[in-house]
Every structure is written in C-alpha cells, then in structure tokens.
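The chains referred to below are lettered A, B, ... by the order of the sequence lines, with proteins before strands, and numbering in each begins at 1.
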2 protein chains.
Amino acid sequence: MPLRHAVLASLLDGEYSGYQLAKAFDVGVANFWHALPQQLYAELTKLEKEGLISGREVVQEARPNKRLFRVTDAGLAELENFAAAVSKPSFIRDDLLVKVQAVDRIGTAPVIEQLEERASAAEARIELFSNLLRRTRGDVDEEEFLRRGERIGPYLTCLRGLAFERDHRTWCLRTAAVLRERRATHAQR
Amino acid sequence: MPLRHAVLASLLDGEYSGYQLAKAFDVGVANFWHALPQQLYAELTKLEKEGLISGREVVQEARPNKRLFRVTDAGLAELENFAAAVSKPSFIRDDLLVKVQAVDRIGTAPVIEQLEERASAAEARIELFSNLLRRTRGDVDEEEFLRRGERIGPYLTCLRGLAFERDHRTWCLRTAAVLRERRATHAQR
DNA sequence: AGAGTCATGTAAGCTGTTACATGATTCG
DNA sequence: CGAATCATGTAACAGCTTACATGACTCT
C-alpha cells in the first residue's frame with residue numbers, strides 16, 4: 001500500500017477531485033511522491049470503497065461533473081497507523097545516474113546533453129518551490145512560520161523538495177562540466 | 001526495462017556473481033539504484049539468455065559454486081542505446097516524507113523518532129561514501145582525479161550519493177528539531 | 001550452539017506503466 | 001481551427017516485493 005497514504009496525506013488540506021490531485025502530484029506533492037492520473041483514479045475508487053475517503057458529486061455546467069474527496073475519520077486513523085509503522089529507507093532510482101555510471105565506456109555527448117537538460121528542469125522547479133514557500137508563509141519569516149504556523153507539514157516537505165532540486169542541479173552542472181573538459185583535453189572517442 | 005541497465009552498468013568494472021552484485025546494490029550502486037537479490041538473479045538469467053552478459057561457472061570447494069558475469073559487446077551496445085534515449089525525470093518517493101506531510105494532523109512522536117533514525121542512517125552512509133571516494137582517488141586530489149582518472153563514472157555517481165545523504169541528513173535533523181520545539185511550546189496532543 | 005556469510009533460486013501477489021477511449025469547452 | 005484544459009476511466013502488461021526453500025561453512 002504505497003500510494004494510498006500519499007493520497008490520504010494530500011487530501012488533508014481540503015477536497016480535491018482526481019484531476020486536481022493529478023495536478024498536485026505533478027507539482028507540490030511531487031516532493032514526496034509521483035503518480036499518473038490513471039493510478040490516482042483507481043486508488044481514489046479503492047479508498048472510497050474502503051471508507052478511508054468520502055466523495056461527493058459536484059455537478060457543473062460548462063465542464064464535466066467531478067467528484068471531490070475528503071479524508072474520513074477512518075482515513076485519518078489509517079494515516080496515524082502508517083506514521084507509527086517503520087518506514088522503508090528511501091533510495092534514489094535514476095536513469096541518468098545509470099548513464100553517468102557507464103560514462104567512461106559509452107558516448108559522452110548524449111549524457112552531457114541530458115545532464116544540462118536536467119539542470120534546467122531542476123532550475124524551474126527551484127523557482128516553483130521557492131515561490132510556493134514564499135506564498136505559504138506570507139509575511140512572517142521562515143523561522144517564525146515553522147514555530148507558530150498551523151499547518152507546516154507541506155512546508156517542510158517542500159523544503160526537502162527544494163533542497164533536493166538545488167543539490168541535483170549543482171551535481172548535474174558540475175558533472176557536465178567535468179565531462180566537457182575531459183572531452184576537450186584527452187580527445188577520446 | 002529499468003533494472004537491466006543498472007545491472008549492465010554495475011558489471012562494467014569486472015566480473016561479479018549475483019550474490020556480489022546484491023551486496024553492491026546495497027552499498028556503492030545504491031547511489032543510483034536499488035534491487036533485492038531475487039530480482040538480480042532473475043535479471044541476470046534474462047540478460048544472459050539475451051546475450052547481453054555472459055556467465056561462467058566457478059567451482060569452489062569450501063563454498064557453494066557461483067556464476068560470474070561480464071558484459072558482452074551486445075550488452076555494451078545496449079547501454080550505448082540506452083544512454084542516447086531520453087531519461088525519465090527522477091522523483092523522490094519516500095514514506096517518511098508522506099508522514100511529515102501529514103504531521104500536523106497525526107501524532108508527531110513516531111515521526112520525530114524516525115527522522116532521527118534516518119539522520120543516523122544517513123550519517124553512516126556519508127562515512128561510507130566518503131571513504132569509498134578517498135580510496136578510489138588514491139593520492140591525487142579530486143579535481144585532478146576527475147580531470148585525468150580513467151574510470152570516473154562510479155566516482156561521479158558516488159558524489160551524487162554523498163550529496164544526497166548529506167542533504168537528507170540536514171533536512172531530517174532540522175525537521176526533527178522544528179517538530180520537537182513545537183511540541184515543547186504549544187503543548188499540542 | 002546459534003548467528004552470519006556464501007550462494008541461488010521459485011511462486012504468488014501487489015504496484016506501477018503504457019496504450020487506449022471519450023467528449024465538451026476554452027484559448028490563441 | 002487546432003491545441004490545451006477539464007474530467008474520468010478500462011485493459012493489458014511490465015516491474016517490484018514478500019514469502020518460502022535449501023544447504024554448507026565460519027565465526028563468536
């Protein structure tokens with residue numbers, strides 16, 4: 001049951017439709033999980049059947065109808081249990097790192113290119129997360145917000161996401177630079 | 001085909017048995033992938049059947065026999081193709097972050113505890129990776145090694161792993177501290 | 001004597017990805 | 001007028017995890 005708790009945690013701050021959740025899993029929630037829309041629709045259906053969330057139909061005129069979900073008491077209890085259970089360690093799993101691992105034995109050009117693309121993508125997310133954090137804390141500074149804010153969970157996970165992207169960006173740029181320089185000096189392949 | 005390329009990349013530096021690879025996927029290789037022994041044995045069998053790796057039986061006396069694998073030319077070509085193809089973006093997927101996301105609505109005690117455990121685990125891996133890097137580059141300094149070393153792929157991915165663990169550790173400690181302080185001040189739950 | 005290491009798997013089940021399907025409305 | 005957005009799914013397949021199984025040797 002991996003996705004279910006991520007969904008429950010995401011629904012804590014209000015009612016969302018599957019469609020809206022899918023968006024969230026692409027931006028804010030992407031700090032700790034990732035899922036495709038199909039998976040979310042399936043999971044929402046299952047969670048509702050189990051009584052961990054409840055949905056209500058919202059009839060719309062100019063757009064298709066939608067179902068909004070919120071976490072039930074049973075759902076909250078489920079989260080509580082989940083939080084108390086041991087977490088499995090987090091690991092990186094990244095195609096690009098596999099390519100870098102092999103970089104001495106294969107063509108470096110596409111790897112360098114992808115590293116630089118990644119760096120740009122990370123840059124964009126850094127901006128996104130920075131803005132999100134700024135908007136979330138409003139006028140108060142971070143220290144103050146974390147001391148007295150009412151809902152700091154999403155802020156904390158976003159901080160993790162931000163740090164991750166910064167780190168990732170730094171490494172991508174450095175690695176690309178190293179590989180470029182080696183191509184220049186010992187004209188290999 | 002996600003695991004296969006990770007396996008191929010791991011086999012670039014010599015011959016390994018399934019058992020040895022499983023160890024590697026727990027330490028060095030963990031920088032970019034993770035897999036259980038069963039999965040590795042299965043994947044090695046498949047890769048051999050497809051001719052991307054070749055194995056040879058090594059008869060041992062005091063221990064069970066083992067099969068050592070190395071990458072074939074076809075395997076190297078496969079890696080080459082893989083490197084040229086687009087990578088899917090990397091994302092975090094972490095139980096503990098889900099718990100932190102929900103932390104305002106559930107009991108904080110187990111979350112704090114797990115954050116601190118994670119920090120210790122990260123600490124251990126920081127040590128491990130630092131030593132690995134030091135041993136790999138030998139006498140020369142990092143700059144020099146990256147400029148002229150013969151096999152820098154594993155070094156570069158290890159650098160990423162090190163940065164990740166450092167970052168993770170920092171965030172875990174900071175988050176745990178924030179949650180502790182809040183428990184002290186506004187005695188909630 | 002028990003725990004840990006070396007060494008390799010099978011089988012079942014759960015999770016996640018890819019491909020396919022539909023259809024109205026709004027924006028450029 | 002074509003692309004993007006809103007909105008929700010089904011079906012098939014690929015990948016990963018968990019449980020089970022075996023057996024000798026070495027270290028404490």
Figure out the [atom1]/[atom2] separation between [X] and [N], and round it to whole Å.
| X | N | atom1 | atom2 | result |
| --- | --- | --- | --- | --- |
| A:Tyr16 | D:dA7 | OH | P | 14 Å |
| A:Tyr41 | C:dA19 | OH | C1' | 17 Å |
| A:Arg67 | D:dC6 | CZ | P | 18 Å |
| A:Glu50 | C:dC14 | CD | P | 12 Å |
| A:Leu3 | D:dG15 | CG | C1' | 16 Å |
| A:Leu21 | D:dT5 | CG | C1' | 17 Å |
| B:Arg4 | D:dC16 | CZ | C1' | 15 Å |
| A:Leu40 | D:dT10 | CG | C1' | 16 Å |

- Task: Would you tell me whether B:Glu48 and B:Thr45 have side-chain atoms, one donor and one acceptor, within less than 3.5 Å of each other?
- Result: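 Looking only at side-chain atoms, B:Thr45 and B:Glu48 do not form any donor-acceptor pair under 3.5 Å.
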- Report yes or no: do A:Arg93 and B:His34 form a side-chain donor-acceptor pair below 3.5 Å?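 There is no such pair (donor and acceptor under 3.5 Å, judged by atom type) between the side chains of A:Arg93 and B:His34.
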- Query: In terms of heavy-atom contacts, does CZ of B:Arg166 have more than 12 from other residues, nucleotides or ligands at under 6.0 Å?
  - Reply: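 For B:Arg166, atom CZ is not crowded (no more than 12 foreign heavy atoms under 6.0 Å).
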- Query: Okay, side chain of A:Asn31, backbone of A:Gly28: is any donor-acceptor separation there less than 3.5 Å?
  - Reply: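 Pair found, side chain donor or acceptor close to backbone of A:Gly28.
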- Query: Tell me, for nucleotides 17-28 of chain D in 5' to 3' order, what letter each nucleotide earns: B for a base near a protein heavy atom under 4.0 Å, S for only sugar-phosphate near one, - for neither?
  - Reply: BBB---B-SS--
- Message: On DNA chain C, does the nearest nucleotide to B:Thr45 precede the nearest nucleotide to A:Lys46 from the 5' side, or the other way round? Give the residue.
- Response: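 Final value for this comparison: B:Thr45.
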- Query: Taking the inter-plane angle between the rings of A:His5 and A:Phe82 on a 0 to 90° scale, is it parallel (under 30°), tilted (30 to 60°) or perpendicular (over 60°)?
  - Reply: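 Judged by the thresholds at 30° and 60°, the geometry between A:His5 and A:Phe82 is parallel.
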- Item | Short N-O contact, B:Glu144 and B:Arg148, less than 4.0 angstrom |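 Yes, charged N to carboxylate O under 4.0 Å.
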- Most 5' of A:Pro37 and B:Glu43 on DNA chain D, judged by nearest nucleotide: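 The residue closer to the strand's 5' end, by nearest nucleotide, is A:Pro37.
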- Task: In sequence, state the C-alpha distance, the side-chain angles, and the governing distance for A:Phe145 and A:Tyr155, and then conclude on ring-ring contact (aromatic ring centres under 6.0 Å, His included).
- Result: CA-CA 9 Å; A:Phe145 178 76; A:Tyr155 194 92; 4.8 Å; yes
- Task: Please round to the nearest 0.5 Å and tell me the distance separating atom OG of A:Ser10 and atom CD of A:Gln20.
- Result: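 It is 12.5 Å, given to the nearest 0.5 Å.
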- Is any side-chain nitrogen or oxygen of B:Tyr19 closer than 4.0 Å to OP1 or OP2 of C:dT8?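 No, outside the criterion.
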- Query: Under 4.0 Å between a side-chain N/O of A:Lys23 and OP1 or OP2 of D:dA7, yes or no?
  - Reply: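 No.
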- Starting at the 5' end of DNA chain C, write a dot or bracket for each base, bracketing those in Watson-Crick or G-U wobble pairs whose two distances are under 3.5 Å and using | for partners on another strand. ||||||||||||||||||||||||||||
- Query: Any side-chain heavy-atom pair from A:Val100 and A:Trp171 closer than 4.5 angstrom?
  - Reply: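 A:Val100 reaches A:Trp171 side chain to side chain.
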